[in-house]
Amino acid sequence: MSRYNHRETEAKWRKAWAEADLFRARTPEEAGDSPKAYILEMFPYPSGRIHVGHSRNYTMGDVVARYKRARGFNVLHPMGWDAFGLPAENAAMERKVHPGAWTLNNIREMKGQLEKLGLSIDWSRELATCDPSYYRHQQAIFLAMWRKGLAFRKSAKVNWDPVDNTVLANEQVVDGRGWRTGAPVEIRELEQWFFRITAFAGDLLEGLDGLGRWPDKVRLMQANWIGKSRGAFVWWDIAEVPDFLKAGLENEGPHHARDPVEVFTTRPDTLFGASFLALAPDHPLTRRIAEFRPEVAEFVAECARAGTSEAEIEKAEKKGMDLGIRVRHPFDPAWTLPVWTANFVLSTYGSGAIFGSPAGDQRDLDFARKYGLPVVPVVLPPGVDADSHAIHDEAFTGPGTLYQSRFLDGLSTEDGIIAAIAELEKRRAGEGTVIWRLRDWGVSRQRYWGCPIPIIHCPKCGLVGVPETDLPVELPGDVDFSAPGNPLARHPTWKHVACPQCGSAAERETDTLDTFVDSSWYFARFCDATAPDRPFDPKLAAYWLPVDQYVGGVEHAVLHLLYARFFTRALIECGFLDLPGGEPFAGLFTQGMVNHVTYKSGEGKWLAPDEIEDREGQPVEIGSGRPVTRGALEKMSKSKRNVIDLDAFVQDFGADVARWFVLSDSPPERDLEWTDAGAEGAWRFSQRLWTLFAAAPPPGDPLMAAVQPQGPGLEILRACHRAAAAITGDLEGFRFNRCIAAVHECVNALKKLEPLFTPDHAPALREGLGILARLIAPFMPHLAEELWEKLGGTGFVVNAPWPEANPDFLREDMVVIPVQIDGRRRAELNAQKGLDPQILRAMALAEDKVQAFLAGAAPKDVIIVPDRIINIVTK
RNA sequence: GCUGUCGUAGCUCAGUGGUAGAGCGCAUCCUUGGUAAGGCUGAGGUCGCGAGUUCAAUCCUCGCCGACAGCACCA
């Protein structure tokens, strides 16, 4: 018996699979009655080499794909590359390579690594988003969305890095400074392209209810992000304006003195507790007043400065300033309130203005206490009477009964809201409304390595779409990264073009699209990945979509998944796609990361694991022998130097072992700790399987059921059918770690029976091992093929049917029943299953140990749960 | 602060209203013709803490403590 040689065997089977073209998805016609299963892992950014941490995601998807294939599904399991993005430009600047060359090189490298993992991928559908054959369709989609009003331009605030001359995404701003240059970021107003995702806010929220196979956590995060709030707009007429402001406010401008101040509230029932209005520092009226009052201008500027750092916002004290004007209460024109500006009011939410009702809102209360504004309680908590109710340091925000509120007195919070809105609408002082936290999606990026926006700016015609026949608008190849800013904008010729409508000199849009756009429809392109003349055939998309199982990191729980859900809706509206319900991903699984220990040298430098050795239990640096501190478990990343390279591991231990280990130790949705000991354990287990199959009988058909197995043969089949039942259930439930535990259990049971593997039991053994080989096939596909071949299985184990557990082998005849006395286990019975409770009672009371404990006393009660437990109660 | 997830063997995790489990690690022993090893046996637990419900709670309920994640002045 030789040892298992993973290097030869894995290469052999990968070659055989490729030659048989096993993983090509069948067309709907070829598939006939077979149901379809679209299995997709979030496609990777081609950053370079992959490590074992990345492999977990693909392995999970592959396990599902292989399982579904064994179950007779027509499986689509494609792979592609999210190939546009900043790292390529950074590499271009640092290493003087073209972003395209750098990206293609990485793709080549990573594809080779993924292939060695033995993934069952249909590579004929491979795509890269930086390929003009992909992004030309994206440009066509953009133009269709523009014509429908779903893509539009507006002026928006952006983070501007004055050194790099570029716009930064929010996550590229660290403590108010550009992440690369360290220069203080400026807020600038720029014309930007947006997608009107807010047009679908309600539908995107309601759609979440139908996504039963998504994690609740993700649905909740999306719901919070969309942020629906019911409430009311309330319009407050300006009552008093100081003389020095009058002239200013009478002029034309952003906020005229005749314009009421609009406020959004979810609690119109507390309007009688209002004691002030507060406007955002950048509210138009605040800015107007700042023109005439230097102290207001100073306050606004101060807020703008503090606003950049998140840590400061968190701690920032509530501050405000009285603007000097007063407004009329909507329910009582004689009642006027002061108008303040306050740093805690957000201009981007609601109307950018609030009314302060301090008794019912903690922020308003803090503010009112600080500036001596009135606090009038208007909501009585349940069970509290009006005389004893008082507000001290804590606002009461819960539901209750309204009082001190004139016509609302006695109403519940809920009814009060309805009544207040009705009154507002009657007086034309406000209206009930719903507002959203979700904002339109800014897609402009002042970058080179992204999809060009197919728009031409003509001085005469305005915005003109590039004609379909001129698509794609390709990126120029000759670009200069030596200067900061957008290379497209300063390219000598690229942007200059004749207007397609009037022919006069015009300029191309030099912004490119956010890379989240590229990943918002790639799953649809995979359905028809080579269509030259349109994004995809709607019939093929209708066949394959929605994706049945999407697998990826929870870090994409909000943005990517929300954008993709928006995109399918936009594609439907533009006529590209037919997808009832509009949901792209019917099932979603978010897997945990792979963590690994980190090491730091005395100087605080990160050290790689192969630079460490163990000296009497203390990790030290190899060579110098200097002590090293063992850091926290961290997600594998190059910067922390705690990655395990996939190629090296596969070379040493094999792809099957890597796949097995990343699934074995933790539930898939949780993080996994990578340890050498665990990896070696997985390797030993693969060898153990190999030696177990060495005891197999001469080759025969493992699909043939053994007839009337006896003794050890029966035990073999029991172990294997039990494993089949457990693993099938756990695969359906995405519990891969439990599948692996079940395989361990089965192999342990078989190992114990190994001395009894005699020719008499050959049919049972062949059937049992045949089941086992098919059960491990999704996890260790190469080894499974080899074992299947040894057993005498015909064809590939990949194509073999999934083993069905025979219920006859799952039944147990005898059962051990514990006997408790007063809740503590004192004895046990070995009994036939399904015995009558009265017989069990007699058996239990007859037990010596029970007799001893009872010492002659009669039991007060005996609780009998058949086949489970007997509890004798004496007290 | 809000929301959510999680506390079970040294480590990573299963599990169930009714006998506390697996893998790895550890210890003892055996094999050295399955050998960059393999195998037998074993030790190891207040199931985070406290109360309640129950014949019986690791599991259900409530409170507390701790860890992690997302959002974060959302009116």
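Below, chain A is the first sequence line, B the second, and so on; all start at residue 1.
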Open item on the list: Would you say the rings of A:F276 and A:F355 are close, in the sense that their centroids are separated by under 6.0 Å?
Closed with: no
Does [X] have a side-chain nitrogen or oxygen under 4.0 Å from the phosphate oxygens OP1 or OP2 of [N]?
X: A:R688; N: B:G39; result: yes
X: A:R437; N: B:A72; result: yes
X: A:R684; N: B:G25; result: yes
X: A:T348; N: B:C74; result: no

When we call it a touch if two heavy atoms are under 4.0 Å apart, what does [X] touch: a base, just sugar-phosphate, or nothing?
X: A:R363; value: base
X: A:V554; value: nothing
X: A:D364; value: nothing
X: A:N737; value: sugar-phosphate
X: A:I863; value: base

Open item on the list: Please pick, from B:C74, B:G39, B:A75, the nucleotide with the shortest atom-to-atom distance to any side-chain atom of A:T265.
Closed with: B:A75
- [ ] Tell me, yes or no, whether the heavy-atom count around A:R7 atom CZ, taken from other residues, nucleotides or ligands under 6.0 Å, exceeds 12.
- [x] yes
TODO: Nearest-nucleotide wise, let me know which of A:E745 and A:S347 is further upstream toward the 5' end of RNA chain B.
DONE: A:E745
Open item on the list: On RNA chain B, compare the nucleotides closest to A:N224 and A:R738; which residue's is nearer the 5' end?
Closed with: A:N224
TODO: Quickly work out the A:R7 CZ to B:A36 P distance and round it to whole Å.
DONE: 13 Å
Open item on the list: Rounding to an integer number of Å, can you tell me how far A:W674 CH2 sits from B:U12 P?
Closed with: 17 Å
- [ ] For the residue pair A:F736 and A:F734, categorise the inter-ring angle as parallel (less than 30°), tilted (30 to 60°) or perpendicular (more than 60°).
- [x] tilted
Task: Pairing nucleotide - B:G4, Watson-Crick or G-U, each distance under 3.5 Å - done: B:C68
Task: Assigned partner base of B:A57, Watson-Crick or wobble definition, under 3.5 Å - done: none
